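Take a look at the structure below.
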Amino acid sequence: MVSWFCGMGVCFACAGPQSPRTCVPAPAGPVECPEPDVVVVGAGPGGLSAAVGAAGSGAAVVVVDLGARPGGQYLRAARHPLIERAEAHPRITFVQGHEVWAAGPGLRVGDRELRPRAVVLATGGYDRVVPFPGWDLPGVVTAGGAQALAKGQGVPIGRRVLVAGTGPFLLAVAASLREVGAEVVAVVEASRLSRWLRHPRAVVGSPGRLVEAARYLRGTAVWHGQRVTAVERYGDGLRALVSPKDRWVEVDAVCVGHGFTPSIELAVALGCDTRVDPRDGSLVVTVDDAQRSSVPGVLVAGEATGVGGAALAMAEGAIAGLAAAHHIGLIDDRALAAATASHRRTRARRLRFANALHAVYPAPDAVPPDGTVLCRCERVTVGRARADIVRYGIDDVRALKLLTRVGMGMCQGRMCGRTALALLRAETGQVPDPVAFARRPFAFPVPLRTLASLDGKGGHA
């Protein structure tokens, strides 16, 4: 996905890994593809694995993805065997440059409604944003946005850059920035390496990850146990306050990443049951051992079932694709069990490592100071939202949105929703409905001409 520039710099809502491009309407052009048995939404590692699994079992598969070519963010600009296998398969058709912008009972793609016999949602996730003073300044971007710009266009977000937050993804971002000529001052990591000592089994079971981390660490200064607590304008650039040492660092850009938020809008629109992931507090889709959701014929794989990385998504996608073929009667119970056995073992191993990652790199969930911008789209501060909650007795998300405008802008709460929920919980003592920010009639913005074209085609004008 390319990075899109808004008036405040690189848009948080658009540039994250496998993120919904909320500032640019979904393409409205005609969609040409055969009637599919299975539709796979997302052409990242999970989606490609699902497509290959379903097609290999005899299903006619259509893969819908916004990117110009298959691969998603993880396989961006790579010639991966999985991509080549999917592209070469005669029963897989790709619809690139399009999104599924609405769902239920059919899937709306551009001007067309697809009604497959089974659906696999491999919709990925986007950068988790943790607001802090100055996070809305030009030059402060998500880590995924900076990487998308570097890997997709070969452009550094700045000459002198600070990468901050938590998680191993920060090291990959720093490496991508260096490759395109940026000076990475440091990676400011909130966690400490010593936390890995509590998870020896996960470390031993994933030696490849250790090699990968060692490669990324070369030439990178990592400040463990520290975090960026504020950013402000300074001369022609920025300066970031790094705590607890309270030192100011002068840079051109600050790239911040605190993990990812699952993209579950389509699953919610289709009526799938959800749950709160106890590992990081994300709202995820509930699935069984075969990646089946609560809605018959809807399978879900990858980050939408819980953030776990590309390797886990591939294993889940393979299982989901085979389960989709089973749902439409192409393989029986015995064949499904046999075909998914190795993928289930891989999934268990990858899930163990993902669980360790969540424990080692917890995402912060504190409410920032009152002067901090909470909702970038509507320019609402934490203090104003807090005052309105008290003044009007707001005790649910719907009232919060209507009275404060938080979550009512272009990103529809994707950036501010989690912090807004934390603020509402802190002020009322109640646990608000986490589905409220994921329940959207349209998963992504679409041009009015697309809606108008639905009149007379089984849709609503």
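Nothing fancy with the numbering, it's 1 onward along the sequence. Note that these values count all heavy atoms, side chains included, but never hydrogens, waters or copies made by symmetry. These numbers come from a predicted model, not from an experiment.
- In this structure, OH in Y216 is found 6.5 Å from OG in S176, a value given to the nearest 0.5 Å.
- You'll find the side chain of V64 stays beyond 4.5 Å of the side chain of V40, heavy atoms only.
- The side-chain heavy atoms of I394 and T404, taken from C-beta on, include a pair separated by under 4.5 Å.
- For the pair R115/E113, a side-chain contact is recorded, criterion being any heavy-atom separation below 4.5 Å from C-beta on.
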Can you check side-chain contact (heavy atoms from CB on, under 4.5 Å) on V184 and V163, steps first, answer last? CA-CA 7 Å; V184 178; V163 179; 4.2 Å; yes
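- Around CZ of R227, the count of heavy atoms belonging to other residues, nucleotides or ligands within 6.0 Å does not exceed 12.
- Using a distance-only test at 3.5 Å, with no hydrogens or angles considered, a donor-acceptor pair links the side chain of D65 to the main chain of A43.
- Separation of atoms CG (L121) and OG (S293) is listed at 7.5 Å; rounding is to 0.5 Å.
- Distance check: D273 CG to R275 CZ gives 11.5 Å after rounding to the nearest 0.5 Å.
- Under the 4.5 Å side-chain criterion, counting only non-hydrogen atoms from C-beta, T261 is not in contact with R414.
- Taking a cutoff of 4.0 Å between a charged side-chain nitrogen and a carboxylate oxygen, R398 and D433 do not qualify as a salt bridge.
- With rounding to the nearest 0.5 angstrom, the SG atom of C272 is 9.5 Å from the CG atom of L266.
- Contact annotation: the side chain of V287 never approaches that of R292 to less than 4.5 Å [non-hydrogen atoms, C-beta and beyond].
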Given S282 and R128, is the side chain to side chain donor-acceptor pair (under 3.5 Å) satisfied, shown in steps? CA-CA 10 Å; S282 294; R128 170 169 293 170; 2.3 Å; yes
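- No side-chain donor-acceptor contact under 3.5 Å links Q291 to the backbone of E316.
- L283 CG to L421 CG: the interatomic distance, rounded to the nearest 0.5 Å, is 9.5 Å.
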Please test T142 against D127 for side chain to side chain donor-acceptor pair (under 3.5 Å), starting from the C-alpha separation and ending with a verdict. CA-CA 7 Å; T142 59; D127 283 282; 3.2 Å; yes
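- H358 places a side-chain N or O within 3.5 Å of a backbone atom of V307 that can act as its donor or acceptor partner.
- Looking at every heavy atom in both residues, A324 comes nearest to V120 through CB-CG2, 4.1 Å.
- Without hydrogens or angle criteria, E189 side chain to S191 main chain gives a donor-acceptor distance under 3.5 Å.
- Cation-pi geometry between R376 and W135 is met: under 6.0 angstrom from the ring centre, within 45 degrees of the axis.
- With sequence neighbours excluded, the residues that form a side-chain contact (heavy atoms from CB on, under 4.5 Å) with A102 are R108, F442.
- For T340 (side chain) and L336 (main-chain N/O), a donor-acceptor pair under 3.5 Å exists by modelled atom type.
- Proximity of a side-chain donor or acceptor of Q96 to a complementary backbone N or O of G67 within less than 3.5 Å is detected.
- The heavy-atom pair separating L75 from H80 by the smallest distance is CD2-CD2, 3.6 Å.
- A donor-acceptor pair is defined here as one N or O able to donate and one able to accept, closer than 3.5 Å; no such pair exists between the side chain of D277 and the backbone of G281.
- The pair E87-R85 does not meet the salt-bridge criterion, since no charged nitrogen lies less than 4.0 angstrom from a carboxylate oxygen.
- In this structure, R215 places its CZ atom where more than 12 heavy-atom neighbours from other residues, nucleotides or ligands lie under 6.0 Å away.
- With 3.5 Å as the limit, one finds a donor-acceptor pair spanning the side chains of S263 and E265.
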Go through it in stages, so that I can follow the logic: the residues are V256 and V228, the test is side-chain contact (heavy atoms from CB on, under 4.5 Å), and I'd like the CA-CA distance, side-chain angles, deciding distance and then a yes or no. CA-CA 9 Å; V256 187; V228 169; 5.8 Å; no
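- Residue pairs that meet the ring pair (Phe, Tyr, Trp, His ring centres under 6.0 Å) test with at least one member in residues 272-297, sequence neighbours left out, do not exist here.
- Take A335 and apply the side-chain contact (heavy atoms from CB on, under 4.5 Å) test, not counting sequence neighbours, and it matches I331, D332.
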Give the intermediate values and the outcome of side-chain contact (heavy atoms from CB on, under 4.5 Å) for residues T428 and I389. CA-CA 8 Å; T428 66; I389 291 172; 4.2 Å; yes
Check step by step if side chain to side chain donor-acceptor pair (under 3.5 Å) holds for R439 and Q412. CA-CA 10 Å; R439 190 181 293 115; Q412 290 288 287; over 6 Å; no
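- Between the side chain of E303 and the backbone N or O of G308 there is at least one donor-acceptor pair closer than 3.5 Å.
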